[in-house]
Amino acid sequence: MDLAYYPNIAAKADELGGVKKTVFNKKLLEQADASWRQFSSEEIARIEQEAPSAVKVGNCFVTPTAILHMGRNQHALFAIPVRDVIWIYGNVTTTRMYYIFPVSKLFQVQLLTRSNQTYTLASISTGPFTRKDHCGDIIRQLQPLLQPHRKGIIFGWSQDIANYVQGNFQAAVAMVDEKSAE
């Protein structure tokens, strides 16, 4: 998508690190363009109007219509429709030396869409002994921003939720759609 026609969206992209004009990863650029094709021209115009008041959370900006996301070192702007969000959860990975000594922790906030595509909305690396819940903090920021527009989104992670969503994905999508329509 050519952001020259959308100055408010372009300004938010610049705050996230800027979109590169020459991208060597053509597949990534095609995926970013495909994410924008999910929206009608009216919806893109609405996103343009909502962009100045968008709230920054992690590596993304949240509007009532879309989540504008630029992955780490990707330099391509993705747009995730709020109507397609199914599950937002945290993932913590501990890196160990010799399988014993913890070296670092990586906190990632993941978003799953109805097309079963996962996006990383935030990625924070810390020391191995941190007790702060970085994923929980970001999810608690996202929840009040997204729930008024899509009530059925599943927030957080538990083994039961993971089993349900991964075991019967279509039923999980239908449940989120049903709760959102209420």
Side-chain angles (χ1 to χ4, degrees), residues 16 27-28 30-40 43 46-47 50 54-74 76-96 99 102 104-126 128-182:
L16 292 173
K27 184 177 179 182
L28 181 68
E30 289 170 7
Q31 289 172 348
D33 285 342
S35 75
W36 283 97
R37 287 193 294 271
Q38 299 176 65
F39 295 98
S40 66
E43 289 174 318
R46 188 176 326 127
I47 295 168
E50 296 167 350
V55 178
K56 185 175 183 186
V57 179
N59 296 339
C60 63
F61 280 98
V62 179
T63 73
T65 308
I67 298 171
L68 306 177
H69 165 67
M70 187 174 307
R72 207 159 113 194
N73 299 325
Q74 291 182 338
L77 186 66
F78 291 84
I80 306 163
V82 171
R83 67 177 180 264
D84 288 350
V85 177
I86 301 300
W87 185 22
I88 298 176
Y89 61 95
N91 183 22
V92 181
T93 306
T94 302
T95 304
R96 297 181 182 275
Y99 302 104
S104 67
K105 282 187 181 177
L106 179 64
F107 294 85
Q108 293 180 316
V109 176
Q110 306 285 335
L111 179 144
L112 182 70
T113 65
R114 78 172 52 251
S115 61
N116 207 3
Q117 188 168 6
T118 304
Y119 295 92
T120 302
L121 298 183
S123 184
I124 300 166
S125 184
T126 66
F129 303 109
T130 185
R131 293 188 185 272
K132 188 169 181 184
D133 182 16
H134 294 285
C135 294
D137 292 345
I138 292 170
I139 290 170
R140 282 188 287 280
Q141 289 175 8
L142 287 169
Q143 195 167 6
L145 296 172
L146 296 174
Q147 260 188 330
H149 309 289
R150 185 155 169 86
K151 294 177 182 80
I153 297 174
I154 303 167
F155 290 95
W157 190 92
S158 74
Q159 191 61 50
D160 292 338
I161 294 171
N163 291 341
Y164 179 67
V165 172
Q166 295 166 353
N168 195 352
F169 184 72
Q170 293 307 320
V173 171
M175 185 220 34
V176 170
D177 287 341
E178 183 181 312
K179 283 186 177 182
S180 296
E182 293 175 355

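Keep in mind that the numbers below use all heavy atoms, side chains included, and drop hydrogens, waters and symmetry copies.
Scanning both residues, Ala79 and Phe39, for their nearest heavy atoms gives CB-CE1, 3.4 Å. Here the shortest heavy-atom pairing between Asp84 and Gln38 reads OD2-OE1, 3.2 Å. The minimum heavy-atom distance linking Tyr89 with Thr118 is given by the pair OH-CG2, 4.2 Å. Pairing each heavy atom of Pro102 with each of Thr94, the nearest pair is CB-CG2, 4.1 Å.
To the nearest 0.5 Å, atom OG of residue Ser158 and atom CG of residue Asn163 are 8.0 Å apart. The CD1 atom of Ile124 lies 8.0 Å from the CG atom of Asp137; values are rounded to the nearest 0.5 Å. Distance check, rounded to the nearest 0.5 Å: CG of Leu146 to CD1 of Ile139 gives 11.0 Å. Between atom OG1 of residue Thr95 and atom CG of residue Leu106 there is a gap of 7.0 Å, rounded to the nearest 0.5 Å. Once rounded to the nearest 0.5 Å, the distance linking OG of Ser180 with CD1 of Ile86 reads 7.5 Å. Atoms CH2 and CH2, from Trp87 and Trp157 in turn, are 7.0 Å apart once rounded to the nearest 0.5 Å.
Under the 4.5 Å side-chain criterion, counting only non-hydrogen atoms from C-beta, Cys60 is not in contact with Met70. Proximity of Ile161 to Ile154: side-chain heavy atoms (C-beta onward) are separated by under 4.5 Å at one or more points. Contact check for Ile88 versus Tyr119: no side-chain heavy atoms found under the 4.5 Å cut-off. Proximity of Phe61 to Ile47: side-chain heavy atoms (C-beta onward) are nowhere separated by under 4.5 Å. Two residues are said to be in side-chain contact when any heavy atoms from C-beta on lie closer than 4.5 Å; Leu112 and Gln117 fail this criterion.
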| task | Quick one: do Thr126 and Lys132 satisfy side chain to side chain contact (heavy atoms under 4.5 Å, CB included)? Show the steps, please. | result | CA-CA 10 Å; Thr126 66; Lys132 188 169 181 184; over 6 Å; no

| query | Passes side chain to side chain contact (heavy atoms under 4.5 Å, CB included), Gln147 versus Ile153? Steps please. | reply | CA-CA 7 Å; Gln147 260 188 330; Ile153 297 174; 5.6 Å; no

| request: Evaluate the side chain to side chain contact (heavy atoms under 4.5 Å, CB included) criterion for residues Leu16 and Leu77: first the C-alpha distance (whole Å), next the side-chain angles of each, then the deciding distance (0.1 Å), finally the verdict. | output: CA-CA 9 Å; Leu16 292 173; Leu77 186 66; 4.2 Å; yes

| Check against side chain to side chain contact (heavy atoms under 4.5 Å, CB included), Thr113 and Leu111 | CA-CA 7 Å; Thr113 65; Leu111 179 144; 3.5 Å; yes

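Although no hydrogens or angles enter the test, the distance criterion places no donor-acceptor pair under 3.5 Å between the side chain of Gln143 and the main chain of Arg140. Looking at Arg114, its side chain never comes within 3.5 Å of a backbone N or O of Val85 through a donor-acceptor pair. Using modelled atom types, no side-chain atom of Thr120 and backbone atom of Gln110 make a donor-acceptor pair closer than 3.5 Å.
In this structure, Arg83 does not pair ionically with Asp177, as no charged nitrogen and carboxylate oxygen lie closer than 4.0 Å. Between Arg37 and Glu30, none of the side-chain N atoms (NZ, or NE/NH1/NH2) sits under 4.0 Å from a carboxylate O, so this pair counts as no salt bridge.
Checked options Leu68, Ile67, Thr63; the residue passing with Thr65 is Thr63 (criterion: side-chain contact (heavy atoms from CB on, under 4.5 Å)).
Between His134 and Phe107, the two ring planes are perpendicular [angle over 60°; tilted spans 30° to 60°].
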